[in-house]
*Asks:* 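Attaching a single structure in structure tokens format; questions to follow.
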Amino acid sequence: MGLRGRDVLSVDDLSAEEVREVLGLARHLKRERRAGLAHPALGGKSVALLFEKPSLRTRVTFEVGVRELGGYAVYLAPQDVQLGVRETAADVARNLGRWVDGLVARVYRHDTLREMVDASPVPVVNALSDREHPCQALADLLTLEEKLGGFQGRRVAWVGDGNNVCHSFLLAAAKVGLSVHVATPPGYSPDAAVIEAARQAAARSGAAVQVGTDPRAAVAGAHAVYTDVWTSMGQESEREQRASRFRPYQVNAALLALADPAAVVLHCLPAHRGEEITDDVLDGPQSVVLDQAENRLHVQKALLALVL
Ligand code: CP
């Protein structure tokens, strides 16, 4: 049946084979783009990009990606639609589905995406919710595949908040056989259901999923170190409390020195420099954050080409 017509709200909406299919097409599209070759998979199709929150990478990569595939992207800013205020999410999805071939939505509440899926006659793709960021995770896998040469036998340390990006990364890594050791402050662990789903996928792929509170244990010998902001969009009132609890989880030169000497550093960006990551690490020779950002374009083009 393939991915055509499917919604992608979670990494778990994709099988391990489908994750690999997206990565394979993304590699192909990346090569073609570099060779100057067009790939008009979305010729004549329109995609609505509906954002409740600010964005640099997601908005630009989806907008450019749709255009590069020969389609037309309509960006709807937070103030344009006012989901749930001016109209319900379901009504917005019903209307958009009469005009466009796909919806890409960034929302505060994951349930908003579920309401859209229930009402939408066209596929919905999650461009970040409070639960997951699947497009980011696909870009992370493409980046790690390029930098580490594969997934089997490799381990990533996730250091910091067990947030939406962590959820999608755990699920995606476990599907492809990439081991992950998560270290968060007590009380900030990933959701228990996500850990369980990742462990089940890891049992099938041969990966390992460890979740604890010791950043040094997570990073020791790791092939990649991944961190994200300590305070995500919508959690601004917790910023001071989080800054104090997360301070021992800063990715700095001393922590990175515990990793494999060839380890790469990941961050989905935007970064809060001097908080979860220091400038010397973010801008240093082991950082691959701009490759991650570039790969958002290639994986999202692949995903849209397969779904729409
Ligand atoms: N990583 C990411 O989703 O970036 P933006 O918030 O800028 O889209």
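Every number for a ligand or one of its atoms is a count from 1 in the order of the listing.
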*Asks:* With backbone taken as N, CA, C and O and side chain as the heavy atoms from C-beta onward, which portion of Leu128 lies under 4.0 Å from ligand 1: side chain, backbone, both, or neither?
*Replies:*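 Leu128 to ligand 1: no contact under 4.0 Å from either part.
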*Asks:* Using a strict cut-off of less than 4.0 Å between a Lys/Arg side-chain nitrogen and an Asp/Glu carboxylate oxygen, indicate whether Glu17 and Lys175 qualify as a salt bridge.
*Replies:*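 Lys175 and Glu17: not salt-bridged.
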*Asks:* Quick one: do the Ser120 and Arg94 side chains pair a donor with an acceptor below 3.5 Å?
*Replies:*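 Distance-only check fails for Ser120 and Arg94.
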*Asks:* May I ask whether Lys53 has any heavy atom positioned less than 4.0 angstrom from an atom of ligand 1?
*Replies:* no
*Asks:* Which protein heavy atom lies closest to atom 3 (O) of ligand 1, and at what distance to 0.1 Å?
*Replies:* His133 NE2, 2.8 Å
*Asks:* Can you tell me how the ring of Trp158 sits relative to the ring of Tyr226, calling it parallel under 30°, perpendicular over 60° and tilted otherwise?
*Replies:*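 Trp158 vs Tyr226 ring planes: tilted.
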*Asks:* Return the residue, atom name and 0.1 Å-rounded distance of the protein heavy atom closest to atom 4 (O) of ligand 1.
*Replies:*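 Ranked first by proximity to atom 4 (O) of ligand 1 is Arg57 NE, 2.9 Å.
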*Asks:* Within the structure, does Pro270 bring an N/O atom to less than 3.5 angstrom of an N/O atom in ligand 1?
*Replies:*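 It does not: no N or O of Pro270 is found under 3.5 Å from an N or O of ligand 1.
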*Asks:* Is any side-chain heavy atom of Val182 closer than 4.5 Å to one of Gln210?
*Replies:* no
*Asks:* Determine yes or no for a side-chain-to-main-chain donor-acceptor pair under 3.5 angstrom, with Arg106 supplying the side chain and Ala127 the backbone.
*Replies:* yes
*Asks:* By the definition side-chain contact (heavy atoms from CB on, under 4.5 Å), identify the one residue from Trp230, Phe246, Tyr249 that meets it with Tyr188.
*Replies:*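 Between Tyr188 and the candidates, side-chain contact (heavy atoms from CB on, under 4.5 Å) is satisfied uniquely by Phe246.
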*Asks:* Name the closest protein heavy atom to atom 6 (O) of ligand 1, giving the residue it belongs to and the distance to 0.1 Å.
*Replies:*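 For atom 6 (O) of ligand 1, the nearest protein heavy atom is Arg106 NH1, 2.9 Å.
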*Asks:* Quick test: of every protein heavy atom, which one is nearest to atom 7 (O) of ligand 1, and how far off is it to 0.1 Å?
*Replies:*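 Protein heavy atom with the smallest distance to atom 7 (O) of ligand 1: Leu56 N, 2.7 Å.
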*Asks:* Pull out every atom of ligand 1 sitting under 4.0 Å from any heavy atom of Arg296, numbered as shown with elements.
*Replies:*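 With Arg296 as reference, the close atoms of ligand 1 come out as 1 (N), 2 (C), 3 (O).
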*Asks:* Please confirm whether Ser55 comes within less than 3.5 Å of ligand 1 when only nitrogen or oxygen atoms on both sides are compared.
*Replies:* yes
*Asks:* Are Tyr75 and Phe62 near enough that their ring centres are under 6.0 Å apart?
*Replies:*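 Aromatic pair excluded; centres sit 6.0 Å or further apart.
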